[in-house]
Amino acid sequence: MTESKIPSKENFSEWYNELLKAAEIVDVRYPVKGMSVWYPLGFALRRNVYNLMRELLDVDHLETQFPLLIPETEFMKEAEHIKGFEEEVYWVTNGGTTPLDVKLALRPTSETAIYPMFKLWIRSHADLPLKIYQIVNTFRYETKHTRPLIRLREISSFKEAHTVHSTWDEAAEQVETALKIYAEFYKQLAIPFLFIKRPSWDKFPGSDYSIALDTIMPSGRTLQIGTAHHLGTNFATTYDITYENQDGEQEYVNQTCYGVSERCIAALISVHGDDNGLILPWSVAPTQVIIVPILFKDKEKTLQVCQEIQNKLLDAGIRVKVDDSDERPGAKFYKWELRGIPLRIEIGPRDIQNGVAILARRDGEKNSVPMNELVETILKEAEDLYQSIYNKAQNFMNERVKDCYTVEEAKKQIEMGIARVGWCGSEDCGYQLEEQVDASVLGEPWNSKTSFHGRCLVCGAETENCALMSRQY
Ligand code: 5CA
Ligand code: ZN
């Protein structure tokens, strides 16, 4: 075997880092901390995942692109926003050896680049709603421990959408629409998550409120894999973005923004992968089917049949490759399992004689399938595989969210996942909770049907409110 085995997933951190390298997702050896290189294979996966996102957004958003650099004069306008980001901004101070008159910020996100232009673009109610998005790199000088795809200093795949509306309620509705879009996106990736309303002290700087999507990683820590923010008129007043309403009066616009980064790929890898490597959902796998010829006699004939099968699958719109390299079949199986290819076809001279192919699913099942039923069987197995990894992920998540009635219980639970505890909702009790449990208050469940009756873990007040708590990446 040419490649050594990756560590067991039980040692999640090691498993994750080794897998990113072995499966050629990203190369972290780039000599700037928090910035890594997409291998071509990783980039192919990224492209498929982001095409899914584009498909969902393109229904009623327009894709656009704004500059990377933001003049200090614009960046410094929104007080709360600056406070949130000022320790994280990289600055361009020179053009060659000449100091710049106005320093330029590398966007940590693009409100302050986009909104001065919105002021120019928006005149009347006829221009609203306005919904745009861009997929770009952003830069944040993160001081917490950086991790590939999870906490980056160059977020290379930052999808940010920005919308403008006439009323606060309409913007609130757009937040719900954004959450629906993200729910559909993560459903297609078979990744379960919870909608959680961030507490006041952890909302997006400059927003009225923030709703996050959190998933639970194999280590029991949570990962925020997307956020939608209601910006109210906060930025509109700062950047003077107004529109003329039906009665001819000028009014401030209401805005939202929502973002997803390559954390979606970190989650995809971490939630589904196993001790043998990646397990990619059919919809985004760069190669969906790998054909491995078993070559010991009749090589020509076997390869020819593999070619014919490949063509048949290509005609059916399936992304398929034949591995006709000189490696032994066992080494090929290992290699393509590591890379998470959903289905493998094995073809040898005996199978050809019998008119069958061996179909192996990435999660273990292996069957012999008549050649003339291959395409339909593949499509059915692809669907079954998707359902099976989705169920598995959902069960994992369900098992790892628990109600806790004491600080001790909560402390124990956050080693596993999310603790749901009584919280009266006051900021003071919230801070106390974080200190006593030694974990983050992610916030209150949003759009959740499960109700809560209990007492605030800190002040003992009877309450219908609860906090979800965890250790976060
Ligand atoms: N302007 C808003 C909406 S686009 C914004 O910047 N929101 S954010 O700060 O919450 O970022 C959006 C998403 O990017 C987060 O939910 C998180 O999933 C991801 N993200 C944030 N920081 C990083 C980072 N350092 N590395 C990777 N992903 C990150
Ligand atoms: Zn309380």
Side-chain angles (χ1 to χ4, degrees), residues 45-64 129-135 149 157-163 165 170-198 209-217 222-230 256-272 279-286 288 317 319 340 342 379 382-398 401 442-443 445-450:
L45 172 63
R46 175 207 185 267
R47 188 162 57 182
N48 289 342
V49 170
Y50 278 75
N51 279 345
L52 260 182
M53 179 60 88
R54 278 198 170 88
E55 233 174 77
L56 292 168
L57 288 172
D58 284 346
V59 172
D60 70 342
H61 297 63
L62 300 169
E63 187 170 2
T64 174
L130 176 63
K131 304 181 194 183
I132 59 125
Y133 76 94
Q134 62 176 3
I135 301 174
L149 303 179
S157 316
F158 195 70
K159 190 290 297 168
E160 49 179 326
H162 296 266
T163 72
H165 309 267
E170 224 184 274
E173 253 172 61
Q174 186 62 33
V175 168
E176 297 311 308
T177 304
L179 297 180
K180 280 201 195 101
I181 291 171
Y182 287 172
E184 178 59 29
F185 175 68
Y186 281 113
K187 181 180 160 197
Q188 293 196 31
L189 299 180
I191 296 173
F193 63 84
L194 298 172
F195 286 130
I196 304 180
K197 184 181 186 196
R198 286 286 179 261
Y209 64 88
S210 295
I211 312 298
L213 285 76
D214 292 291
T215 192
I216 304 181
M217 297 287 263
T222 58
L223 183 67
Q224 173 184 300
I225 50 174
T227 30
H229 314 289
H230 195 312
T256 80
C257 65
Y258 31 102
V260 160
S261 77
E262 52 258 65
R263 280 187 186 178
C264 62
I265 292 169
L268 186 69
I269 290 168
S270 308
V271 168
H272 301 312
I279 299 182
L280 297 178
W282 181 260
S283 58
V284 292
Q288 295 167 315
R319 298 190 287 272
L379 295 177
E383 179 59 29
D384 285 357
L385 178 61
Y386 164 79
Q387 276 308 336
S388 136
I389 63 172
Y390 200 9
N391 289 344
K392 196 165 160 221
Q394 276 168 329
N395 289 338
F396 176 87
M397 176 117 184
N398 293 342
V401 184
L442 299 173
W446 183 260
N447 292 347
S448 151
K449 279 166 218 102
T450 41

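Hydrogens, waters and symmetry mates play no part in the numbers below; they use all other heavy atoms, side chains included.
Among residues two or more places apart in sequence or in another chain, the side-chain hydrogen bond (donor to acceptor under 3.5 Å, both in side chains) test is passed with K392 by none. Residues satisfying the side-chain hydrogen bond (donor to acceptor under 3.5 Å, both in side chains) criterion with N48, sequence neighbours excluded, are absent altogether. With sequence neighbours excluded, the residues forming a ring pair (Phe, Tyr, Trp, His ring centres under 6.0 Å) with F195 are F193, listed by chain and number. For E176, the side-chain hydrogen bond (donor to acceptor under 3.5 Å, both in side chains) test picks out W446, N447, with sequence neighbours left out. Residues passing the salt bridge (charged side-chain N to carboxylate O under 4.0 Å, His left out) test with E55, sequence neighbours excluded: none. With sequence neighbours excluded, no residue satisfies ring pair (Phe, Tyr, Trp, His ring centres under 6.0 Å) with F158.
To the nearest 0.5 Å, atom CG of residue L280 and atom CD1 of residue I265 are 10.0 Å apart. Taking OG1 of T215 as the start and CG of L189 as the end, the distance is 11.0 Å to the nearest 0.5 Å. We find the CD1-CG distance between I225 and D214 to be 7.5 Å, quoted to the nearest 0.5 Å. The OG atom of S270 lies 8.5 Å from the CD1 atom of I191; values are rounded to the nearest 0.5 Å. To the nearest 0.5 angstrom, L62 atom CG is 10.5 Å from L57 atom CG. One distance of note links CD of Q387 with CG of L385; it measures 10.0 Å at 0.5 Å rounding.
Within the 3.5 Å criterion, the main-chain N or O of I211 finds no donor-acceptor partner in the side chain of Y258. Side-chain atoms of R263 come within 3.5 Å of backbone atoms of Q224 as a donor-acceptor pair (strictly under, hydrogens ignored). For E160 (side chain) and G259 (main-chain N/O), no donor-acceptor pair under 3.5 Å exists by modelled atom type. Side chain of Y186 to backbone of L213: no donor-acceptor contact under 3.5 angstrom is found. Under a 3.5 Å cut-off, the side chain of E262 and the backbone N or O of L149 do not form any donor-acceptor pair. Between the side chain of H272 and the backbone N or O of G340 there is no donor-acceptor pair closer than 3.5 Å. No donor-acceptor pair closer than 3.5 Å links the side chain of S210 to the backbone N or O of H229.
Smallest separation of non-hydrogen atoms from I132 and H61: O-CD2, 4.4 Å. When all heavy atoms are compared, the tightest approach of A393 to A190 is CB-O, 3.9 Å.
Between E63 and R54, at least one side-chain N (NZ, or NE/NH1/NH2) sits under 4.0 Å from a carboxylate O, which counts as a salt bridge.
Side-chain atoms of L194 and S448, non-hydrogen and from C-beta on, never get closer than 4.5 Å to each other.
In this structure, K159 is not positioned above the aromatic face of Y50 in the sense of NZ or CZ being under 6.0 Å from the six-membered ring centre and within 45° of the axis.
The neighbour count for R319 CZ, taken as heavy atoms of other residues, nucleotides or ligands under 6.0 Å away, is above 12.
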